[in-house]
Amino acid sequence: MVYPKIPLAQSIIEICLAKGIKNIVISPGSRNAPLTIGFVNNPEFNCYSIADERCAAFFALGIAQQTQKPTAVVCTSGSALLNYYPAFAEAFYSQIPLIVLSADRPQSKIDIGDGQTIRQENVFKNHSLYNANLTETASVENDLKINKAINIASAQKGPVHINAPFEEPLYQTVSKLEVDVTISAFAKRQKKLSMDVIIEHAAIWNASKKKLILVGENKPNKMDAEIIESLAKDDSVVVMTETTSNLHHSSFLNNIDTIITPFSNEEFKDFQPDILITFGGMVVSKRIKAFLRKYQPTHHWHIDTLRAYDTYGCLTQHFKVNPNQFFNLFLPHAVPIQSDYRSTYEEVAVLRKRKHQKYLKSIPFSDFKAFEKIIPSLPQGCMLHLSNSSAIRYAQLFDLNSSITVFCNRGTSGIDGSTSTAIGAAVANVKPAILIAGDIGFFYDSNALWNEYIPKNFKIILINNGGGGIFRILPGHEETPVFNKFFETSHCFTAKQLSKMYGFEYSIASDETSLSKGLNTLYAQNDKPSILEVFTPTRENEKILLQYFQELVR
């Protein structure tokens, strides 16, 4: 076996090995050579080389998202580390275990004019669950810090930073370990709910005729079928889900914006719940957030083992367990109550669906029409990734097959790493993966394609409307040169040359007929990764979407 000669590098690698860290994403560089040598020469690690640091971190994020185990991303010193920050922040808000291992100059070289040095210690402090600032010499103290960082990333599901200073020479190797590392276990605490608390809140539940359960981003297959059925049968309960909720039942309302946007003030008042229960991560719909902030429930209970954001300004209880634990304890104490809350909004949903289908039949080819064709065409059992801005919002307006698992970087809702994350996820999951992306996000993250690990059956459906179409549907849009250049970012780029450069199969669609044909070809071709670029009209898209919500009222 080949080991780096530097003892501190040996310690980091051996502790990662002992802690079960398997996936290592390496951003090539010199100062991190001791770590690179150690990881790559140990067959226990799956090592990936990604040159662009921002892409590397999101690629690692995608792996960790799927495995739900810490993935390490390794970089050299200097500005390389700062490029990890967007993915680091996403990991923090999406509760994904990510370990940043940064090589650093020795402390004596910082701020003296030496090359490729910055102040790396605590650089992620605003979003890091723990910062392990190591010293050059291998020691028990260093070992304990490394252990603690990995333990926290695993238990608290978030990002940590381990900063390791190395002095030259960096490339020397030895054939035997020179360290005997200390391994510390993480004390797991079983979180329990007090029965008194359960009974107290069950009494509130049983006295309430209107209960709204709103599910944000949620991992697939996390809810017991019996709980889903029990909630679906309760006449006093409305369950609202999003595309990223990965939670399905025929009685659940999954097109939130379609249902509530046309409400009058009186209808919003009638819909106002007595109790709001939330679980899962970030919620996409701005309309449901605006509604709940204005028409606040008397009680808001959030269920999460770690965090409870007061998103609606009315949080009254945080149950620090997972949803299955909560409902399995809580529902036996729930008493059926006479209510028309669920039936009323099931009827509303049926009416909206009828108007939705009628409107789609009347519109020309556009973003909206493209999504009408794309969403039902998705292969059963695939993994779907959605980029932010328009793509995730259009997807919210359509029903999705329950066999499809859905992911999106909604922690920070940025456009900067959707493609890289999707590719990392595709590497870590055997399911065929499809990314639906908008043009600005796709071109912004185009270095994601500079990646030799992309599975042959990875597919991208690229919606190219010539700019940031989401800005056209936001208040304040005006058709001016300033808007087109500085907000929408109008462009004439296509993915054709990128596809050729990176070895992707490439095809285009610009109307319903070519889109249907293109989708069939896309799904049938699995010899190499593919891009289907769908061109839609820039200036008609926002009119068609805004008119949709007006038509729902009529």
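Residue numbers start at 1 and run along the sequence shown.
Remark: side-chain polar atoms of Tyr48 are not paired, donor with acceptor, to backbone N or O of Ala56 under 3.5 angstrom. Of the possible polar contacts, one joining the Ser403 side chain to the Gly381 backbone as a donor-acceptor pair under 3.5 Å is found. The closest donor-acceptor contact from the side chain of Arg352 to the backbone of Ile259 lies under 3.5 Å. Asn464 places a side-chain N or O within 3.5 Å of a backbone atom of Phe493 that can act as its donor or acceptor partner. At least one donor-acceptor pair closer than 3.5 Å links the side chain of Ser530 to the backbone N or O of Lys528. Proximity of a side-chain donor or acceptor of Gln66 to a complementary backbone N or O of Ala428 within less than 3.5 Å is not detected. No donor-acceptor pair closer than 3.5 Å links the side chain of Gln95 to the backbone N or O of Phe92. One N or O on the side chain of Tyr359 and one on the backbone of Ile544 form a donor-acceptor pair closer than 3.5 Å. Checking side-chain atoms of Ser446 against main-chain N and O of Tyr444 turns up no donor-acceptor pair under 3.5 Å. Put simply, the side chain of Asn41 gets close to the backbone of Ile37: a donor and an acceptor are under 3.5 Å apart.
For the pair Arg307 and Phe279, the cation does not sit on the ring face, since its NZ or CZ is not both under 6.0 Å from the ring centre and inside 45° of the axis.
In this structure the side chain of Gln525 reaches within 4.5 angstrom of the side chain of Glu505, judged on heavy atoms. Residues Tyr506 and Leu532 are not in side-chain contact: their nearest non-hydrogen atoms beyond the backbone lie 4.5 Å or more apart. Between Cys16 and Ile150 the shortest side-chain heavy-atom distance falls below 4.5 Å. With a 4.5 Å cut-off on side-chain heavy atoms, Leu400 and Ile375 count as touching. Side chains of Ile162 and Val100 form no contact here, defined as non-hydrogen atoms less than 4.5 Å apart. Annotation: side chain of Arg31 is not in contact with side chain of Gln116 (no heavy-atom distance under 4.5 Å). Under the 4.5 Å side-chain criterion, counting only non-hydrogen atoms from C-beta, Asn526 is not in contact with Lys456. Here the side chains of Phe458 and Pro432 are not in contact, with every heavy-atom distance at 4.5 Å or above.
Considering every non-hydrogen atom in both Asn447 and Tyr502, the closest pair reads OD1-OH, 4.0 Å. For the pair Ser418 and Leu435, the tightest heavy-atom approach, listed with the atom from each and the gap, is O-CD1, 4.3 Å. Summarising the geometry of Ala153 relative to Leu98, their closest heavy-atom pair is CB-O, 4.5 Å, with the distance given to 0.1 Å. Contact detail for Phe443 and Ala495: the closest heavy-atom pair is CZ-N, 3.9 Å. Taking both residues in full, the closest heavy atoms of Asn246 and Asn218 are given as ND2-O, 2.8 Å, listed atom of the first, atom of the second, then distance. Here the closest heavy-atom approach between residue Leu61 and residue Ala87 is recorded as CD1-O, 3.9 Å.
Rounding to the nearest 0.5 angstrom, the gap separating the CD atom in Glu347 from the OH atom in Tyr345 is 10.5 Å. For the atom pair Ser402 OG and Leu247 CG, the distance stands at 10.5 Å (nearest 0.5 Å). Note that CD of Glu267 and OG of Ser264 are 3.5 Å apart. Values are rounded to the nearest 0.5 Å. Atoms CD1 and CG, on Ile436 and Leu462 in that order, are 11.0 Å from each other to the nearest 0.5 Å. Atom OH of Tyr84 is separated from atom CG of Leu81 by 8.0 Å, given to the nearest 0.5 angstrom. Atom CG in Asn451 sits 11.0 Å away from atom OG1 in Thr419 (nearest 0.5 Å).
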message: Pair Leu276, Ile213 - check side-chain contact (heavy atoms from CB on, under 4.5 Å), show working.
response: CA-CA 6 Å; Leu276 169 67; Ile213 297 178; over 6 Å; no
task: Start with the C-alpha gap between Asp257 and Ser285, add the side-chain angles, then the distance that decides, and say whether side chain to side chain donor-acceptor pair (under 3.5 Å) holds.
output: CA-CA 7 Å; Asp257 287 356; Ser285 172; 2.5 Å; yes
- prompt: Are Ser49 and Tyr453 close enough, and set up right, to give a side chain to side chain donor-acceptor pair (under 3.5 Å), and what steps lead you there?
  reply: CA-CA 9 Å; Ser49 176; Tyr453 312 103; 5.1 Å; no
- prompt: Asn324 and Lys222: side-chain contact (heavy atoms from CB on, under 4.5 Å), yes or no, with the steps?
  reply: CA-CA 8 Å; Asn324 271 339; Lys222 289 295 183 181; 5.6 Å; no
- prompt: Hey, mind stepping through Lys289 and Thr311 against side-chain contact (heavy atoms from CB on, under 4.5 Å) and telling me if it holds?
  reply: CA-CA 8 Å; Lys289 285 184 273 194; Thr311 306; 4.1 Å; yes
message: As a quick check of understanding, evaluate side-chain contact (heavy atoms from CB on, under 4.5 Å) for Met240 and Ile260, giving each step before the final call.
response: CA-CA 11 Å; Met240 284 189 149; Ile260 73 169; 3.9 Å; yes
- prompt: Yes or no on side chain to side chain donor-acceptor pair (under 3.5 Å) for Thr513 and Asp511, after CA distance, side-chain angles and deciding distance?
  reply: CA-CA 6 Å; Thr513 302; Asp511 54 33; 4.6 Å; no
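For Lys69, the NZ atom sits in a loose shell: 12 or fewer heavy atoms of surrounding residues, nucleotides or ligands are nearer than 6.0 Å. Shown here is Asn221, whose CG atom has no more than 12 heavy atoms of other residues, nucleotides or ligands within 6.0 Å.
For Lys369 and Glu372, the salt-bridge test passes: some basic side-chain N is under 4.0 Å from an acidic carboxylate O. The pair Lys353-Asp399 meets the salt-bridge criterion, since a charged nitrogen lies less than 4.0 angstrom from a carboxylate oxygen.
Between the side chains of His161 and Ser102, at least one donor N or O sits under 3.5 Å from an acceptor N or O. For Asn409 and Thr421, the side-chain atoms include at least one donor-acceptor pair closer than 3.5 Å. Using a 3.5 Å distance cut-off with no hydrogens or angles, the side chains of Asp445 and Ser420 do pair a donor with an acceptor. With no hydrogens or angles considered, a side-chain donor-acceptor pair links Thr412 and Glu90 at under 3.5 Å. At a cut-off of 3.5 Å, with distance as the only test, a side-chain donor of Asn388 or Arg410 sits close to an acceptor on the other residue. Residues Arg287 and Thr261 have side chains that bring a donor and an acceptor to within less than 3.5 angstrom of each other. No hydrogens or angles considered: a donor-acceptor pair under 3.5 Å links the side chains of Thr536 and Asp367. Between the side chains of Ser377 and Tyr523, at least one donor N or O lies within less than 3.5 Å of an accepting N or O.
Aromatic ring pairs are classed by plane angle as parallel below 30°, tilted from 30° to 60° and perpendicular above 60°; the pair Phe124 and Phe88 is parallel. In this pair, Phe268 and Tyr295 present their aromatic rings parallel. The plane angle is below 30°, not in the 30 to 60° band. By the 30° and 60° cut-offs, the orientation of the rings of Phe368 relative to Tyr548 is perpendicular. The aromatic rings of His249 and Phe252 are tilted relative to each other, their planes meeting at an angle between 30° and 60°.
Taking the six-membered ring for Trp, His385 and Phe407 have ring centres closer than 6.0 Å.
With Glu217 as the fixed residue, the side chain to side chain contact (heavy atoms under 4.5 Å, CB included) test singles out one of Thr244, Val283, Thr243: Thr244.
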